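These numbers were taken from a predicted model, which means no experiment stands behind them. Labels below follow one simple rule: chain letters A, B, ... track the order of the sequence lines, proteins then strands, and each chain is numbered from 1.
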Number of protein chains: 2
Amino acid sequence: MTPRIDADRLWRRLMALAEIGALLAGGVNRQALSPAEIEAWRLVIAWGAEAGMEPSTDPAGNLFLTLPGRDRTLPPLVMGSHLDTQPTGGKFDGAFGVLAGLEAAQSLGATPARDVTVVGWMNEEGSRFAPGMMGSEAFAGVRSLDEILGARDAGGTSVAEALAALHAAFPDMPRRPLGFPIAFYLEPHIEQGPVLEQRGTPIGIVTGIQGKKTWEMVVGGEEGHAGTLDMADRRDALAAFARMADAMFREVGTIDPAIKFTIGMVRMEPNAPSVVPARLTFRIDLRHPNNAVLHAAGDRLEALAQAHAPPCTVRLKRLVDAPSNDFDADLRARIAVAAEALGHAATPILSAAGHDARHMAPLCPAAMIFIPCRDGVSHAEHEWAEPAHVAAGAAVLAEVAAGLVLEHAE
Amino acid sequence: MTPRIDADRLWRRLMALAEIGALLAGGVNRQALSPAEIEAWRLVIAWGAEAGMEPSTDPAGNLFLTLPGRDRTLPPLVMGSHLDTQPTGGKFDGAFGVLAGLEAAQSLGATPARDVTVVGWMNEEGSRFAPGMMGSEAFAGVRSLDEILGARDAGGTSVAEALAALHAAFPDMPRRPLGFPIAFYLEPHIEQGPVLEQRGTPIGIVTGIQGKKTWEMVVGGEEGHAGTLDMADRRDALAAFARMADAMFREVGTIDPAIKFTIGMVRMEPNAPSVVPARLTFRIDLRHPNNAVLHAAGDRLEALAQAHAPPCTVRLKRLVDAPSNDFDADLRARIAVAAEALGHAATPILSAAGHDARHMAPLCPAAMIFIPCRDGVSHAEHEWAEPAHVAAGAAVLAEVAAGLVLEHAE
């Protein structure tokens, strides 16, 4: 009953998918709802068709490829991840999860008891439209579809507009409702950290995802002439930002070895060399596995922003507030058994990065399988996973999937 | 022999010019070498034609309107300023100088002894293509035309490309060489500071321009995943920038009440919310009337950048290095006499802002006439000059011009 995955086919597909949005240094720029993502859909849909899988979508622009089961009234097993990347992303983040899911479904070798659905969640990365995980959050009802549809990219295009273009490219594709019942959810992914590589362990059994909070903060000052306005009379948005950011790095960035504190995006206005900055908008990303530490650090960040803003103002907008979570114990046990059966060493691991699986965990038994990535690097063009690890992760996924959908099919 | 300017005509022209690139809050966005600047050229050339003035240009995209004198072999009297604005600029910065020059030429009332030329220098502001004063620097040989032509705007368009489009819009316009001899240079301008307004004095006799240094600094780090990369392993370009900018504001921004220190432009890469920043490029603008203080403050800025960069790198590129200068004593005396003759109070004043006149001063006797602007504000949409002050500045300019080109014409 152990399925035999085709590791070469999976690798070839990973490399072919990476050609869509390919960058010069080996990476990929495939933004959510972009023409490149539409092209990626066409390719993945064609591969699904080879395996007898039917494409469908939903009002949030998620992609589903379904292998029909014997009893189609049962909720499906869902496997997958996302097809979008960071602006200078790699070949594996997201793509590995979708294509490993496809490989697991295609290699089942028998009609499953229930539908098996591969998913590509819309805009996991959040780099074109912020914040990310829009598809899984809309599906899980964590964020309203209206709010998501109104978000705009740097060029002023809304999610609603970009989504209409995506759906227009697939006019005959059936639509499913948001939040349909799911029996089990499995998400394979590269670790995006160095732990598995350092331990020489190809399989990570993810125990949970660390908590995450994000903010958009807007520092309001007043513009003026760089050569004439006295320093004492200035309300310089950049000067206030430098004070608060420096204090944040010193006080929160060092609060605990496990804290992760990032200001990844800054937009200044009018951003002209001889004009005192009138406004500076920035995004904060804060993570920690312990919810109490996360909460305290978040409060401190807000206090530092307020304390260092004068004579400017600061407006704080909380975006993401996701506590840490635990994945399903039974599925974690199944992953351990499957890894052992296939002869791959496995270890429990906490996910430092956020994943769509976070939003599936409240809906159904959910789990994640990690594989190592070189030097722990992701969100970068030189992100890399070894072919042997890609094959091991997909094989373990296929084994777990077979156990879930074939055991009652005898 | 005193010329009579038409103050209403000058005001109407200022308001009409402000319609080109007009913004909602009353300001103007008319970038160098843009379609809006081409439209402004057409309007100003038409007004010059009313006064019998002939348009010409040069390889740097400066605009000249010449009223022919009796002896055309003599170097001209040149008056003017610039037609470009900041992205959210006002109606007077630059435009007042060009249109007051036009009004002074048009109101001479007799054929001048030598040519009288009104100039609009290319890209004084430096907001689209940095750094600014490209036209006057190319004319004066301070910066090479090749270097200027290679500068690019945020969209990747080069000065060479934008200049070709400008010149193509005026195919029959005669070209003059860069650096042709000039007899006298006069530049009227709003003060861009509060001194004249506070003293209730409509005319400022500019003694000189404070020194200015600018830099482009590039902080180099390494990108990584915001949720997984340990703080201790990061080379975060934004964190390094926050350290150095905060130290610069604390140590250099307060070194002396007359210092002006601005970081007006910041560009971060990849600028995505969940990616540790790999690179941050920023511009520094530093000014002081005393060259020794300016030099010491500049050295300190460079040292702070180097000291706070690790574990990132920093690359320093010096752009502008312009010491303070003194304007011509005879022309300053003529301005004082003209203001007194016309009944306008006048006071000596240092220019805190840089002007194209800085680059004319080494070439010929040069001077500037300031008028007040409300609350000292410029480079902002609500920049404002009173009609009475606009008229007074133009009348003094016309009186001085008449004294220079009509006295030998009898």
Side-chain angles (χ1 to χ4, degrees), chain A residues 86-88 125-127 130-132 191-193 210 212 214 223-232 236 238-239 241-243 245-246 248-249 253-254 257 259-268 270-278 280 283 285 287 351-354 376-380, chain B residues 86-88 125-127 130-132 191-193 210 212 214 222-232 236 238-239 241-243 245-246 248-249 253-254 257 259-268 270-278 280 283 285 287 352-354 376-380:
Chain A
Q86 290 286 331
T88 50
E125 297 290 2
S127 51
E191 180 198 333
Q192 306 184 260
Q210 71 178 338
K212 173 179 176 179
T214 71
E223 74 181 70
H225 190 294
T228 61
L229 189 59
D230 275 348
M231 297 305 284
D236 182 330
L238 185 277
F241 169 72
R243 281 193 302 276
D246 186 54
M248 287 170 175
F249 277 103
T254 60
I259 202 93
K260 307 285 190 301
F261 168 68
T262 308
I263 297 175
M265 198 159 79
V266 164
R267 190 174 70 246
M268 199 155 88
N271 213 33
S274 59
V275 182
V276 176
L280 191 146
R283 295 270 177 131
D285 182 307
R287 312 197 199 193
S351 175
V377 170
S378 68
H379 289 192
Chain B
Q86 290 286 331
T88 51
E125 296 291 1
S127 51
E191 180 198 332
Q192 307 184 259
Q210 70 178 339
K212 173 178 176 178
T214 72
E222 189 171 18
E223 73 181 71
H225 190 293
T228 61
L229 189 59
D230 275 347
M231 297 304 284
D236 181 330
L238 184 278
F241 169 72
R243 280 192 303 276
D246 186 55
M248 287 171 174
F249 277 104
T254 60
I259 202 93
K260 307 285 190 299
F261 169 67
T262 309
I263 297 175
M265 199 160 80
V266 164
R267 190 174 68 246
M268 199 156 88
N271 213 34
S274 59
V275 182
V276 177
L280 191 145
R283 296 269 178 134
D285 182 307
R287 311 196 199 193
V377 170
S378 68
H379 289 191

(message) So which residue, A:Arg283, A:His225, A:Arg287, ends up with the most heavy-atom pairs under 4.5 Å with chain B?
(response) A:His225

(message) Shorter than 4.5 Å, heavy atoms on both sides: which option in B:Gly376, B:Gly224, B:Pro131, B:Ser378 has the most such pairs with chain A?
(response) B:Ser378

(request) Could I get the full list of side chain to side chain contact (heavy atoms under 4.5 Å, CB included) partners for B:Ala278, not counting sequence neighbours? (result) B:Glu223, B:Pro270

(message) Heavy-atom pairs under 4.5 Å with chain A: which of B:Ala380, B:Ser127, B:Ala245 has the most?
(response) B:Ala380

(request) Heavy atoms only, distances under 4.5 angstrom: which of B:Ala130, B:Gly193, B:Ala353 has the most pairs with chain A? Name it, please. (result) B:Ala353

(request) For each of B:Ala226, B:Gly354, B:Gly126, tally heavy-atom pairs with chain A at distances under 4.5 Å, and name the one with the top tally. (result) B:Ala226

(message) Between B:Glu191 and A:Thr228, is there a side-chain donor-acceptor contact under 3.5 Å, judged purely by atom types and distance?
(response) no

(message) Is A:Pro87 in contact with chain B via its backbone, its side chain, both, or neither, using a 4.5 Å heavy-atom distance?
(response) side chain

(request) Could you grab the distance from atom CZ of A:Phe261 to atom CE of B:Met231, nearest 0.5 Å is fine? (result) 7.0 Å

(message) Looking at chain A, which one of B:Thr262, B:Thr254, B:Val276 has the largest number of heavy-atom pairs inside 4.5 Å, strictly under?
(response) B:Thr262

(request) For residues B:Val266 and A:Leu238, report the shortest heavy-atom separation together with the two atoms involved. (result) CG2-CD2, 4.2 Å

(message) Among A:Met265, A:Met268, A:Arg243, which residue has the highest count of heavy-atom pairs closer than 4.5 Å to chain B?
(response) A:Met265

(message) I'd like to check A:Asp230 versus B:Lys260 (side-chain heavy atoms, cut-off strictly below 4.5 Å). Are they in contact?
(response) yes

(message) Heavy-atom pairs under 4.5 Å with chain A: which of B:Thr88, B:Asn271, B:Leu229 has the most?
(response) B:Asn271

(request) Please flag which part of B:Ala232 lies under 4.5 Å from any non-hydrogen atom of chain A: side chain, backbone, both or neither. (result) neither

(request) Against chain A, label B:Gln86 side chain, backbone, both or neither, depending on which of its atoms sit under 4.5 Å from a heavy atom there. (result) side chain

(request) Give, as side chain, backbone, both or neither, the part of A:Val377 having an atom under 4.5 angstrom from any heavy atom of chain B. (result) neither

(message) Taking side chain as everything from C-beta outward and backbone as N, CA, C, O, which of these in A:Ile259 sits under 4.5 Å from a heavy atom of chain B? Side chain, backbone, both or neither.
(response) both

(request) First locate atom CD1 of A:Ile263, then atom CZ of B:Phe241, and finally report the distance between them rounded to the nearest 0.5 Å. (result) 11.0 Å

(request) Please round to the nearest 0.5 Å and tell me the distance separating atom NZ of B:Lys212 and atom OG of A:Ser274. (result) 5.5 Å

